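Step one of this worksheet: look at the structure below.
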2 protein chains.
Amino acid sequence: MSDVKGAAALRATVVFNLGTLGALASDRFAARVEALGLKPKHAGLLAALDAGSAASQQELATRLGVAPSLIVALADQLQELGAVERVRDPEDRRRQALTLTAEGRHLLTRCAEAAEATDAELTAGLTDAQRSALTTGLRTLGARHLPH
Amino acid sequence: MSDVKGAAALRATVVFNLGTLGALASDRFAARVEALGLKPKHAGLLAALDAGSAASQQELATRLGVAPSLIVALADQLQELGAVERVRDPEDRRRQALTLTAEGRHLLTRCAEAAEATDAELTAGLTDAQRSALTTGLRTLGARHLPH
DNA sequence: CCTAAATCATTCGAGCTGTGAACGATATTG
DNA sequence: CAATATCGTTCACAGCTCGAATGATTTAGG
């Protein structure tokens, strides 16, 4: 075997498949939630809001790993859709506490359904064993590298 | 168990982990190849060139799934680095045949090393069984959804 | 042949996404 | 009470990619 690593060596790596498939999966998910008037980041924000209760925009920015100014724009659009409410924290009036409305919870549910539909589409044709091996592998990786 | 699907349901999906981890992995790979003066797309182009021999830029555009105008920019920069050569196809002088130079093959090798290093970093702390389950899962998915 | 249509590479302008530097309002510290 | 820090917001800007227009070349049709 040659010591020259070429295209085959690159394509065989985890990072190559993970990156390519990740982009593909995100695109498919984006196509689905677009019908709800949302981008994937909106779904991420909704999920972050549902996970912990009412959070400041700063906290959300660090949780999602984006700039605070982006949270402003996302929250503006979600507010326009009636999915979130902004309430001044009476204990610290600089803070805007973001909370999910009933409509927001509904949208989050629809997002989860879209994600599951995308999952089904992606993993169609895999055996149950393959599918579960994949999900546990991804979850293990996520537990190790994603802020939980 | 409630019929309201919330944040937990979204975070548990394959598409969520695949998307998030894919972005993370791509960022880490990008950080490594940046030292070579390359972006991930450059590495992808080098790999595509190594896979099949001398290809027209149109073919490469469809192979990589990007606009032909992007290939122009990528090829310009790789040419500047001495990694590729543009040769007019004598059979059809509209076509520019892109070929890897020795320097290009060297760079591709370094890219593959960077990818393997990123792999090691990502999968550190996984058991061998977990790692192989993950790679086979990803490869199965890739074989089904990626242009091969 | 010779003209019309198609194809290739290239340039250029535009859209989208996200960031970072200001700024005003509020809170904290000494 | 003054100085400093923090929060949300606005705004200008950089990065990335695409699509339309262009010129050169090839192919198809009469």
Side-chain angles (χ1 to χ4, degrees), chain A residues 19-20 22-31 33-34 37-46 48-49 52 54-80 84-99, chain B residues 19-20 22-31 33-34 37-45 48-49 52 54-80 83-99:
Chain A
T20 314
L24 178 72
S26 294
D27 282 353
R28 301 228 180 149
F29 178 66
V33 293
E34 191 179 12
L38 300 179
K39 303 273 181 184
K41 298 253 165 183
H42 294 127
L45 182 48
L46 291 178
L49 280 177
S56 82
Q57 301 186 186
Q58 294 282 338
E59 283 170 16
L60 292 166
T62 59
R63 267 193 227 172
L64 299 185
V66 301
S69 54
L70 181 56
I71 301 289
V72 173
L74 294 174
D76 281 352
Q77 293 153 355
L78 287 175
Q79 200 172 20
E80 193 111 7
V84 303
E85 278 177 348
R86 267 193 254 238
V87 183
R88 285 274 167 204
D89 182 347
E91 313 226 339
D92 185 341
R93 296 216 304 276
R94 292 171 300 182
R95 288 190 191 151
Q96 295 275 36
L98 282 187
T99 59
Chain B
T20 314
L24 177 72
S26 293
D27 282 353
R28 301 231 180 147
F29 178 66
V33 293
E34 192 179 12
L38 299 179
K39 302 274 182 184
K41 299 251 165 182
H42 294 128
L45 181 49
L49 281 176
S56 82
Q57 302 186 185
Q58 294 282 338
E59 284 169 16
L60 292 166
T62 60
R63 264 193 230 172
L64 298 185
V66 301
S69 53
L70 182 55
I71 301 290
V72 174
L74 293 174
D76 281 351
Q77 292 152 357
L78 287 175
Q79 200 173 21
E80 192 111 7
V84 303
E85 276 176 350
R86 266 192 255 238
V87 183
R88 285 275 168 203
D89 181 347
E91 313 226 338
D92 185 341
R93 296 216 306 275
R94 293 170 300 183
R95 289 190 190 150
Q96 295 275 38
L98 283 187
T99 58

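In what follows, chains are A, B, ... by sequence order, proteins preceding strands, each numbered from 1. Atoms considered below: every heavy atom in the structure, side chains included; atoms not considered: hydrogens, waters and symmetry mates. Since the structure is predicted, the reported quantities are computational estimates derived from the model, not experimental observations.
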Taking the minimum atom-to-atom distance to the side chain of [X], which one of [options] wins?
X     : options               : value
B:A67 : C:dT19, D:dC18, C:dA9 : D:dC18
B:Q58 : C:dT10, D:dT26, C:dC8 : C:dC8
B:R93 : D:dT26, C:dT10, D:dC7 : D:dT26
B:V66 : D:dG8, D:dT17, D:dC18 : D:dC18

Please give me the minimum heavy-atom distance between [X] and [Y], naming the atom from each residue.
X     : Y     : value
A:P90 : A:R93 : O-CG, 4.1 Å
B:K41 : B:L70 : CD-CD2, 4.4 Å
A:A75 : A:L45 : N-CD2, 4.2 Å

Please compare A:G65 and B:I71 by the position of their nearest nucleotide in DNA chain C and report the one closer to 5'.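 Residue closer to the 5' terminus by nearest nucleotide: B:I71.
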Where each residue is assigned the nucleotide of DNA chain C containing its nearest heavy atom, which of A:D92 and B:R88 is assigned the position nearer the 5′ end?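 Going by which nucleotide is closer to the 5' end, it is B:R88.
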Quick check: on DNA chain D, is the nucleotide nearest A:D76 upstream (toward 5') of the one nearest A:R95, or the reverse? Name the residue that is more 5'.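 Closer to the 5' end of DNA chain D: A:R95.
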In whole angstrom, what separates [X]'s [atom1] from [N]'s [atom2]?
X     : N      : atom1 : atom2 : result
A:L74 : C:dC16 : CG    : C1'   : 14 Å
B:E85 : C:dA9  : CD    : C1'   : 18 Å
B:E91 : D:dT27 : CD    : P     : 10 Å
B:R86 : D:dA24 : CZ    : C1'   : 15 Å
A:L70 : C:dT19 : CG    : P     : 6 Å
A:L64 : C:dT19 : CG    : P     : 11 Å
B:E59 : C:dC8  : CD    : C1'   : 11 Å
B:L38 : D:dC16 : CG    : P     : 13 Å

Report yes if the side chains of B:L74 and B:L60 come closer than 4.5 Å at any heavy-atom pair, otherwise no.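 A side-chain contact is absent here, since even the closest heavy-atom pair is not under 4.5 Å.
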May I ask you to test the A:Q96-A:R88 pair for a side-chain heavy-atom distance under 4.5 Å?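 Answer yes - side chains close enough.
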On the nucleotide D:dC16, are OP1 or OP2 found under 4.0 Å from the side-chain N or O atoms that B:K39 carries?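 The answer is yes; a side-chain N or O of B:K39 sits under 4.0 Å from OP1 or OP2.
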With a 3.5 Å cut-off and heavy atoms only, can you find an N or O donor on one side and an acceptor on the other between the side chain of A:S69 and the base of D:dG8? no
No-H, no-angle donor-acceptor pair, B:R94 side chain to C:dT7 base, under 3.5 Å: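 Indeed, a donor on one side and an acceptor on the other fall under 3.5 Å apart.
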